[in-house]
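Okay, so here's the structure we're looking at.
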Amino acid sequence: MTETSPHPNRFYLTTPIYYVNARPHLGHAYSTIVCDAIARRKRALGIETWFLTGTDEHGQKIERSAKLAGCTPQEFATQVAAEFRGLWDRLGLTYDDFIRTTEERHRRGVQKLFATLRDRGFIYKGSYTGQYCVSDEAYVDGPPGTPCPDCGRPTETVSEENYFFKLSAFERRLLEFYEANPGFMAPESTRREVISFVRSGLKDLSVSRTSFSWGIPVPGDEKHVVYVWLDALANYITALGYGSEDDEKFRKFWPADIHLIGKEISRFHCVYWPAFLMAAGIPVPRSVRANGWLLFDQGKMSKSRGNIVRAETVQDVLGADTLRYFLLREIPFGQDGNFSFDALVQRYNGDLANGYGNLVSRVVNMVHKYFAGEVPEAGAETQAEAALRASAVGAIASFGPAFDELDFSEALKNLWLLVAGTDGYLTANAPWKKPVDRTDADHRKLQARVLATAAEAIRIITALVFPILPDAAAKVWQQLGQGELADAAGNGFLKDLAWGGLKPGTKFGEPAPLFPRAEKDAIERMQNLEDQNNRTAVEAASKDEIVAPSHAPAATSVNPTTGTDKTSVRAHQKLTPTAAGPANPEQPLNTAKVDQVPTPLASSRLNSTPVPAPAEAPLAPPVTPAPAAQGQEAATPQTQQITIDDFAKVDLCVAQILVAERVPKADKLLRLEVDLGYEKRQILAGIAQYYEPEKLIGRKIVIVANLAPRKMRGLVSNGMLLAASLEGGAPVLAGFLEEVPLGARLK
Ligand code: ME8
């Protein structure tokens, strides 16, 4: 950051406020842990620090999630917000405030901001007809059917009376601002992306919604709720008291020094937010810093993809410090990075157990053993001590700037050179071994010199690493006889950190293990904890769910239009990819079978051996074949056999229908918007004659997700759904009796 702070001895930093539609996972923990490490270092430098986090609880997405969960949005939000807060507390994160956007203090502040923007002439009434991505809560340019450019999900068409913010008026001003403040946003990829977005032209932005009500009412026109991003971004000032009688903190800490965010929300923070603030006459934040994505199993870790790992799992097996160290050391800040249990255990054993932990334990134990736990007088330095001292002094000089640039990985890598250097110094001087050519007195001198010097190097390492390994550092501080690290940090001990602080005669604390070596089963234990948690989540969800007959097109599924019991015909049907793929999409399903597409369930017919499924991902309900069906099975023509590799090419996924509507002038086609968890899509299906669109909403189906997109009637179909194709009858959509997460793969 190059800008001069208006309050150099204060620091205000924020995390994104997290949507309450998903439980917290490692991705959220990553951003929050980064902020916690920064906040700890700032405080330890004697800087008055305010660290804010919280939850984003309004908007259409949350309203819909609550509806699906069968509770009110407020109940839903309260439960998930408590989980976020609970996790931050469990991980020992030192946030100073946790804001929920459903709080009164926030409502008041948002309404004041909205009124200020309106009074200053930046808000006008208009109407918006266009596309909206509910998942990102973002307006999208383009005709109906345009996918969201950010997440790729299908957008919904919105036509509403809205209030607009004159964003277009800020195009020049924002570009000038970026130019004058090169440190405002980072990394460079974010900066380039944002600048090119603004350069391509800014349109006025709709800042209210009228088609749903879960939000903050627009002051003076309560049928509108404030657009959720204006609502959410304002948390950074409402939490400080903006809009209330007591705005002392706002005056003290604003503008923020760092808004730390994930890279996908840069536009909101680097374009909309400064524009809102400029329009309201409020100073803009000093910097926005974007972390890259934590990836797991090749994709961005996210609830919707179903590839999450919980922070609790890592904490329970290897401790919270290990998680912090891994995230900050392994992933260069700003870049995407892979998370894997393997890499985690490797770092743990290599850097913490065998590295820092082992070094501390050797030195502390030797001081106890040879000097009754009292730091000896080091005596005169030799070249070896001078070299180690120089390394430590270098570490003090370089660690801070790298850390403050958020280059944690580099900072830690260099600090670990000092760990390795100290280790090497110990080994080279072997204070535990007296060579035959040395007198006792000489050896004693060497022991004193080496152990006092190594202990001092450990003190420096510990002080520097404390923001990243707070628990371990506190233990080492005790062992080095330095007392409570929390007290030292409260007194700004880092500001005066210099070589030579460990005084002779200091009494060491008892040695205690820091990072016991992780055994082979650590990975398995973490994996088991995750599996167990996934199973519990699925079971909990299935208990709440009322499985209506229309959700269960299996053994006794009923045709929604005719009411016919399908048991007798089910057996000789195949689950057939439906609609958008093959020859004539308008052809009724029962005659448009797509046998050439291999389907897993087709190869394990409904009335034959159940498909082997992993316990955590129930596939299809067990099917008891009806006698008649068994008889018919033999008559079913056998399809060509395929190999498992052939089958693996077909991506069959669980999806949920969000929107279903008839396609004008196409009697057989329905336009569906389905949620795969990790993304939303539009699919066209030739089932309009058999299913009432309204009855399909909320239903979970199976789709072929990797079918090449196809255009029909001017609309793009992205995949096809599976249904049992009945000779001469209606198709029956494939579904599940048990609860299955969206995006679960059928395999
Ligand atoms: O976007 N890797 O909330 P959200 C790295 N409510 N960081 C990740 C991550 C991953 N795989 N997954 C999540 C919202 N994050 C809005 C923000 S702010 C005024 C409103 C982190 O629940 C990262 O910081 O989708 C990302 O920006 C944030 O969680 C998204 O949280």
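For the single chain, residues carry numbers from 1 onward in sequence order. Each ligand, and each atom within it, is numbered from 1 in the order the structure gives.
- Ring centroids of Y236 and H269 are separated by less than 6.0 Å, placing the two rings close together.
- The stretch residues 60-76 participates, sequence neighbours left out, in these salt bridge (charged side-chain N to carboxylate O under 4.0 Å, His left out) pairs: R64-E156.
- Residue pairs meeting the salt bridge (charged side-chain N to carboxylate O under 4.0 Å, His left out) criterion with at least one partner in residues 316-331, sequence neighbours excluded, are D36-R324, R90-D316, E330-R347.
- Between F326 and F339, the ring planes are perpendicular. Angles over 60° get that label, and only those under 30° would be called parallel.
- Taking D246 as the reference, S244, E248 meet the side chain to side chain contact (heavy atoms under 4.5 Å, CB included) condition, with sequence neighbours excluded.
- Within 4.0 Å of ligand 1, the residues that place a heavy atom are P16, I17, Y18, Y19, H25, G27, H28, Y30, S31, D56, W229, A232, L233, N235, Y236, I261, G262, E264, I265, H269, N291, G292, W293, L294, K300, M301, listed by chain and number.
- Shown here for I62 and N21, the closest heavy-atom pair between the two residues is CD1-N, 3.6 Å.
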